[in-house]
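Keep in mind that what you see is a predicted model, and the values were worked out from it rather than measured. For reference, positions follow the sequence shown, starting with 1.
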Amino acid sequence: MQKEKLWTKDFISISLVNFVMMLSMYLLIVTMASYATDAYDASSSMAGLASSIFIIGVLFARLYAGKEVARIGSKRMLIGGIVFFVVITALYLIPSNIYVLLAVRFLHGVGIGFASTATGTIVAQVVPASRKGEGISYFSLSVILSTAIGPLIGLPMISQFGYESMFIFSLVVGMLCLPVALMVKEPVVDNGAEGAGSKVFSLAKYLEPNALPVSIVMFVIALAYSGTLSFIASFAKEADLTEAGSMYFFVYAMAVLFSRPFTGKLMDAKGANFVAYPAMIAFALGMLVLSQANSGALFLLAAALIGLGYGNFQSVAQTVAIKMTPPHRMGLATSTFFIMMDIGIGVGPFMLGYMVPDYGYRGLYLAMVPLIIIGVFTYYALHGKKEKSLTQQNA
């Protein structure tokens with residue numbers, strides 16, 4: 001029997017749009033803290049907030065958009081989100097102050113939140129049912145690659161051309177997204193209606209209970225990762241490792257890309273625990289090495305270990321969230337997973353920024369090691385010890 005076609009024009013287009021939006025998002029996250037410090041003399045904590053408040057804007061938008069995308073229409077929400085994203089990006093080019101920057105960052109996140117909710121809805125409709133897992137897996141690579149490529153091009157860009165160049169780049173790629181998005185056909189969305197019309201508040205309308213345990217673990221792990229995402233450029237500069245710093249996310253990306261095919265097969269054959277525990281241990285070791293790095297070689301070794309660790313745990317946790325959830329609520333499970341991850345990445349830089357003046361970046365990264373170990377025990381308590389029986393039950 002011939003397989004249904006996966007790589008359609010709509011699937012490729014929506015994956016490309018999602019990749020470009022996420023590329024801009026992570027490019028700005030990793031450079032925003034140093035921009036706020038250099039341009040507005042912001043404190044470490046305020047610089048961290050300038051980086052992370054974007055994610056908070058994404059979170060607020062996702063909470064609303066997840067409920068309203070069927071009513072508004074996924075393509076209409078996508079186009080509106082992209083237009084809003086482009087308009088707000090242009091505001092970065094206007095000199096202001098730290099408080100205006102915070103407002104622009106938040107609104108920029110709102111635009112991305114609406115557009116990315118729409119891309120997730122559209123891809124769920126255009127992927128054939130017989131290849132749903134494969135299609136969603138390929139689509140998720142657009143996020144994983146952007147977390148590495150965005151910072152990879154952002155750091156050299158500001159080094160060579162200044163901060164303004166990254167705003168112009170984000171503006172241009174946002175504008176290029178629009179014609180690609182306009183070519184996507186409006187998918188037919190089944191409003192279905194679990195709880196439709198009910199005005200009674202229910203947490204289950206916003207979060208999927210079956211996906212919440214592993215998503216809580218993802219929050220802890222993302223919180224630890226947020227310190228590298230927001231402060232790695234400043235740390236590399238302070239440690240006189242700028243050249244290695246420009247290669248950090250390239251090495252991270254290579255570690256993720258080369259390990260994903262093997263870890264995916266291991267998870268299918270042996271179960272999530274077989275990958276999750278080694279991944280978290282590799283992440284903790286990577287943070288330990290990073291905190292002690294005094295040479296480019298150690299700095300990049302840390303990048304590889306963090307890629308093997310965080311990069312693979314992220315995909316394992318997302319897969320577990322979906323496997324634990326009934327098919328008709330898989331969209332909400334995915335939303336729950338990313339909301340918890342967004343909170344971790346979003347609040348992390350603001351909270352962790354308070355540690356930098358007293359303990360420095362090395363002390364900050366060293367402190368993340370016990371936090372990751374807490375994540376290991378949290379995973380065991382919430383999912384790991386019952387992973388085999390839960391997987392069989394939901395198979």
Side-chain angles (χ1 to χ4, degrees), residues 6-29 54-91 104-128 132 135-147 150 169-192 206 318 330-339 341-342:
L6 172 61
W7 295 98
T8 62
K9 177 178 69 69
D10 287 338
F11 178 76
I12 294 171
S13 297
I14 206 66
S15 297
L16 180 62
V17 168
N18 197 65
F19 169 73
V20 169
M21 288 190 303
M22 295 298 105
L23 181 68
S24 171
M25 170 176 164
Y26 284 101
L27 182 154
L28 293 178
I29 283 176
F54 180 98
I55 300 293
I56 299 171
V58 172
L59 171 63
F60 272 84
R62 278 182 178 161
L63 285 169
Y64 175 80
K67 298 194 298 99
E68 300 295 331
V69 64
R71 182 181 64 82
I72 296 172
S74 53
K75 185 171 181 178
R76 185 180 298 177
M77 182 177 285
L78 175 61
I79 300 302
I82 292 174
V83 170
F84 190 75
F85 161 84
V86 169
V87 171
I88 296 300
T89 301
L91 297 181
V104 170
R105 291 290 292 156
F106 179 84
L107 292 174
H108 196 179
V110 170
I112 289 286
F114 277 111
S116 61
T117 298
T119 58
T121 301
I122 292 171
V123 82
Q125 297 296 317
V126 301
V127 171
K132 190 74 74 178
I136 297 298
S137 176
Y138 282 124
F139 176 75
S140 69
L141 281 176
S142 64
V143 179
I144 294 167
L145 288 174
S146 67
T147 64
F169 177 84
S170 293
L171 182 62
V172 171
V173 297
M175 293 171 67
L176 292 175
C177 268
L178 198 54
V180 178
L182 287 169
M183 293 190 295
V184 175
K185 292 180 182 177
E186 175 81 42
V188 178
V189 179
D190 181 9
N191 292 334
Y206 300 89
Q318 185 178 358
M330 281 185 180
L332 192 58
T334 302
S335 173
T336 299
F337 172 80
F338 280 109
I339 283 171
M341 189 174 79
D342 286 348

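- Under the 4.5 Å side-chain criterion, counting only non-hydrogen atoms from C-beta, V110 is not in contact with V58.
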Do L176 and V20 pass the side-chain contact (heavy atoms from CB on, under 4.5 Å) test, and can you show the C-alpha distance, the side-chain angles, and the key distance before you say yes or no? CA-CA 9 Å; L176 292 175; V20 169; over 6 Å; no

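- Remark: M21 CE to L16 CG distance equals 10.0 Å, nearest 0.5 Å.
- Remark: the backbone N or O of M183 is paired with a side-chain donor or acceptor of K9 at under 3.5 angstrom.
- Between V86 and L178, the closest side-chain pair of non-hydrogen atoms is not below 4.5 Å.
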Pairs of donor and acceptor atoms involving the side chains of residues 76-85, under 3.5 Å and at least two apart or interchain, shall be tabulated with distances.
none

Using the side-chain contact (heavy atoms from CB on, under 4.5 Å) rule, take L91 and H108 through it: C-alpha gap first, then chi angles, then the decisive distance, then the call. CA-CA 10 Å; L91 297 181; H108 196 179; over 6 Å; no

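- Contact of the M22 side chain with the S116 side chain is registered, since non-hydrogen atoms from C-beta on lie closer than 4.5 Å.
- Annotation for F60: atom CZ does not count as buried by contact number, only 12 or fewer foreign heavy atoms lying within 6.0 Å.
- A distance of 10.5 Å separates OG of S146 from CG of L27, quoted to the nearest 0.5 Å.
- Counting all heavy atoms, side chain and backbone alike, A90 lies closest to L171 at N-CD1, 4.1 Å.
- Note that the OG1 atom of T89 and the CZ atom of F169 stand 11.5 Å from one another [nearest 0.5 Å].
- For S170 against V173, the heavy-atom pair with the smallest separation is O-CG2, 3.3 Å.
- Annotation: side chain of V126 is not in contact with side chain of K185 (no heavy-atom distance under 4.5 Å).
- The two residues T117 and R62 make their nearest non-hydrogen contact at OG1-CG, 3.5 Å.
- When side chains are defined from C-beta on, F54 counts as touching I112, because their heavy atoms get closer than 4.5 Å.
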